[in-house]
Amino acid sequence: MVATSSSVGSGAAGAAKFVGSGSRKYNYFEPRGKRATHYEDVTVDVQPDPDRYLIQNWIIEFEGGKGGGAYRKEDTAARSSNWHEYRAPDQEWERTHYQRQAKIETMVQGVVSNARKAGAHKAFDRSWNKILQVHMGAWKHAEFGLGTSLMQAQRYGYTQMINNATLTNSSYKLRLSQDITLYLAEIGMDIEGWDDELGKKSWLEDPIWQGTREAVESIMGAEDYLEQYFAINIIFEPLVGELFRSGFLMQAAAANNDFLTPAVISAAEADYERNLANTIDLMFVLINDEKHAEHNKAVFQSWVDKHSALAEKAADNLQPIWSQAHSKPVSFQDVKAISHERLDQILNELGLSR
């Protein structure tokens with residue numbers, strides 16, 4: 001909706017007039033349903049847009065920016081006829097996000113505390129203790145890298161709806177990295193010979209993890225914020241994230257007498273379902289844009305080609321971990337086949353392929 005000028009100066013309050021500006025109801029934007037949800041009321045147009053209600057340019061600029069105001073459509077190769085069309089399916093905003101994160105942290109802390117009191121670690125298979133230190137300890141660095149990438153990406157999101165979805169995604173990743181760090185440190189106090197540094201050493205030096213490092217660092221180095229968001233949730237997560245979390249930790253832990261680790265990791269799988277739904281909806285809007293559909297599809301396919309190659313390499317490098325556990329309830333090849341099927345389902349929703 002384009003603002004129209006009034007008799008006052010362009011920088012003054014009331015300089016823009018739009019349909020509904022004299023109403024006490026929230027009718028200055030088009031809600032997704034019959035009535036605006038609480039999420040829409042506190043999110044839509046919180047980030048003003050000169051194309052809608054401001055007749056001056058962006059009212060803020062960041063030092064060292066590229067000019068043209070705080071937010072630029074050129075910060076992504078994707079194009080849109082209406083950047084404000086997107087609504088996150090999970091409808092998460094600040095209050096609901098803090099509440100959900102607090103509940104998860106309370107659950108994780110309670111589980112770990114009760115398990116330590118019960119001496120649950122005594123039943124862990126010895127080979128599993130090493131796996132937790134080396135490989136789960138390495139994985140927290142992958143989560144931290146992805147969370148940091150999304151934190152940077154959200155700065156450039158053209159609307160508050162995109163920013164919110166990206167930033168909550170970042171928060172989930174950073175929370176999991178923190179959860180793993182605290183979890184391993186706490187159970188390590190009860191296990192003789194525990195070394196908290198093995199995870200970091202493995203992340204930096206072990207050939208098993210260098211493909212994952214390359215994939216994560218390539219995402220972090222991307223200059224397009226939607227490429228980062230796309231690469232993480234559409235490509236990396238099904239091919240590497242779910243592969244390791246669900247395909248290994250969640251399945252192999254119990255078989256090695258560890259019923260504690262799955263409780264810590266389980267929240268991350270629910271996080272990803274929310275993040276994936278948010279990402280697919282945004283990309284679906286863009287890939288079906290009335291003016292830019294073909295352009296966006298070509299851009300997204302190039303991202304698939306680039307990041308799927310890196311993620312495939314990362315996944316293949318992780319294969320030796322499956323053989324290191326004493327009890328092996330599932331094979332790497334079976335898990336990888338599931339991850340490929342998952343990726344194909346995701347891409348099919350967007351009309352893309354690998």
Side-chain angles (χ1 to χ4, degrees), residues 125-150 170 172-185 187-188 193-222 228 231-233 235-253 256 258 261-262 264-265 268-269 271-272 306-326 328 330-336 338-340 342-343:
D125 187 271
R126 288 189 177 182
S127 65
W128 189 252
N129 285 339
K130 188 67 174 291
I131 287 170
L132 292 179
Q133 294 173 77
V134 174
H135 299 303
M136 189 174 180
W139 181 253
K140 71 181 181 183
H141 296 284
E143 296 286 351
F144 180 80
L146 297 176
T148 302
S149 177
L150 289 164
S170 170
Y172 289 137
K173 288 295 184 188
L174 296 177
R175 189 213 70 236
L176 177 58
S177 178
Q178 174 181 278
D179 284 345
I180 294 174
T181 301
L182 295 175
Y183 167 57
L184 295 179
I187 64 170
W194 189 272
D195 187 352
D196 283 323
E197 294 299 314
L198 289 181
K200 180 179 179 181
K201 182 178 177 63
S202 181
W203 177 251
L204 294 176
E205 301 174 8
D206 192 335
I208 288 175
W209 286 102
Q210 299 319 297
T212 304
R213 270 190 67 195
E214 182 182 7
V216 170
E217 290 173 7
S218 294
I219 292 171
M220 295 177 71
Q228 292 174 304
I232 290 172
N233 291 315
I235 305 298
F236 183 89
E237 280 288 84
L239 286 182
V240 185
E242 284 190 316
L243 178 87
F244 182 70
R245 292 191 308 263
S246 293
F248 181 71
L249 291 177
M250 296 284 287
Q251 298 202 49
N256 289 276
D258 174 9
T261 297
V264 177
I265 296 297
E269 302 311 276
D271 292 340
Y272 177 50
K306 171 184 175 181
H307 293 283
S308 63
L310 293 169
E312 286 279 8
K313 176 184 175 182
D316 288 340
N317 285 359
L318 296 179
Q319 182 172 1
I321 299 176
W322 270 252
S323 64
Q324 294 177 12
H326 182 263
K328 307 171 182 63
V330 64
S331 73
F332 173 80
Q333 293 303 329
D334 287 345
V335 173
K336 185 177 179 182
I338 293 172
S339 73
H340 280 174
R342 169 78 147 162
L343 176 62

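As the structure is a prediction and not an experimental result, all values here were calculated from the model. Note that the numbering runs from 1 along the sequence shown for the chain.
The CG atom of Leu343 sits 14.0 Å away from the CD1 atom of Ile338 when rounded to the nearest 0.5 Å. For the atom pair CG of Leu310 and CZ of Arg213, the computed distance is 14.0 Å after rounding to the nearest 0.5 Å. Here Leu318 contributes atom CG and His135 contributes atom NE2; the two are 9.0 Å apart, rounded to the nearest 0.5 Å. In this structure, Thr261 OG1 and Met250 CE are separated by 10.0 Å, a value rounded to the nearest 0.5 Å. Here the CD1 atom belonging to Ile180 is positioned 4.5 Å from the CD1 atom belonging to Ile265, to the nearest 0.5 angstrom. The CG atom of Asn256 sits 8.5 Å away from atom NZ of Lys328, with the distance rounded to the nearest 0.5 Å.
The shortest distance between side-chain heavy atoms of Gln178 and Glu143 does not fall below 4.5 Å. Using a 4.5 Å cut-off on side-chain heavy atoms (C-beta onward), Phe248 and Leu243 make no contact. Side-chain contact between Thr181 and Phe144 is absent, with no heavy-atom pair separated by less than 4.5 Å.
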task = For the pair Glu237 and Arg245, evaluate side chain to side chain contact (heavy atoms under 4.5 Å, CB included) and give the outcome as yes or no after the intermediate values.
result = CA-CA 10 Å; Glu237 280 288 84; Arg245 292 191 308 263; 2.9 Å; yes
request  = Apply side chain to side chain contact (heavy atoms under 4.5 Å, CB included) to the pair Ile187 and Leu132, showing each step before the final yes or no.
outcome  = CA-CA 10 Å; Ile187 64 170; Leu132 292 179; 4.1 Å; yes
request  = Given side chain to side chain contact (heavy atoms under 4.5 Å, CB included), test Thr212 with Phe244 step by step and report yes or no.
outcome  = CA-CA 11 Å; Thr212 304; Phe244 182 70; over 6 Å; no
message = Could you go through His307 and Phe236, starting from their C-alpha distance and side-chain angles, then the distance that decides it, and tell me whether this counts as side chain to side chain contact (heavy atoms under 4.5 Å, CB included)?
response = CA-CA 7 Å; His307 293 283; Phe236 183 89; over 6 Å; no
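For Gln228 (side chain) and Ile219 (main-chain N/O), a donor-acceptor pair under 3.5 Å exists by modelled atom type. Side chain of Tyr272 to main chain of Asn233: a donor-acceptor pair is present (N/O by atom type, distance under 3.5 Å, no hydrogens or angles). One N or O on the side chain of Asp206 and one on the backbone of Ile208 form a donor-acceptor pair closer than 3.5 Å. Proximity of a side-chain donor or acceptor of Ser202 to a complementary backbone N or O of Gly199 within less than 3.5 Å is not detected. In this structure, the side chain of Ser177 engages the main chain of Lys140 through a donor-acceptor pair within 3.5 Å.
Ring geometry for Trp203 versus His141: interplanar angle under 30°, hence parallel rather than tilted (30 to 60°).
Across every non-hydrogen atom of Ser339 and Lys336, the tightest pair is OG-O, 2.7 Å. Nearest heavy-atom pair across Ala311 and Ile235 is CB-CG2, 4.1 Å. Gln251 approaches Ser246 most closely through the heavy-atom pair CG-O, 3.2 Å. Residues Leu184 and Trp194 approach most closely at O-NE1, 3.4 Å, considering heavy atoms. Considering every non-hydrogen atom in both Pro238 and Arg342, the closest pair reads CB-CG, 3.8 Å. Residues Trp209 and Val134 share a closest heavy-atom pair of NE1-O, 4.5 Å.
Using modelled atom types and a 3.5 Å distance limit, the side chains of His340 and Glu312 yield a donor-acceptor pair.
More than 12 heavy atoms of other shown residues, nucleotides or ligands fall within 6.0 angstrom of atom CZ in Phe332. Atom NZ of Lys200 has 12 or fewer heavy atoms from other residues, nucleotides or ligands within 6.0 Å.
Looking at Arg175 and Asp271, a side-chain N of the basic residue comes within less than 4.0 Å of a carboxylate O on the acidic one, giving a salt bridge. Taking 4.0 Å as the cut-off between side-chain N and carboxylate O, Lys201 and Glu205 count as a salt-bridged pair.
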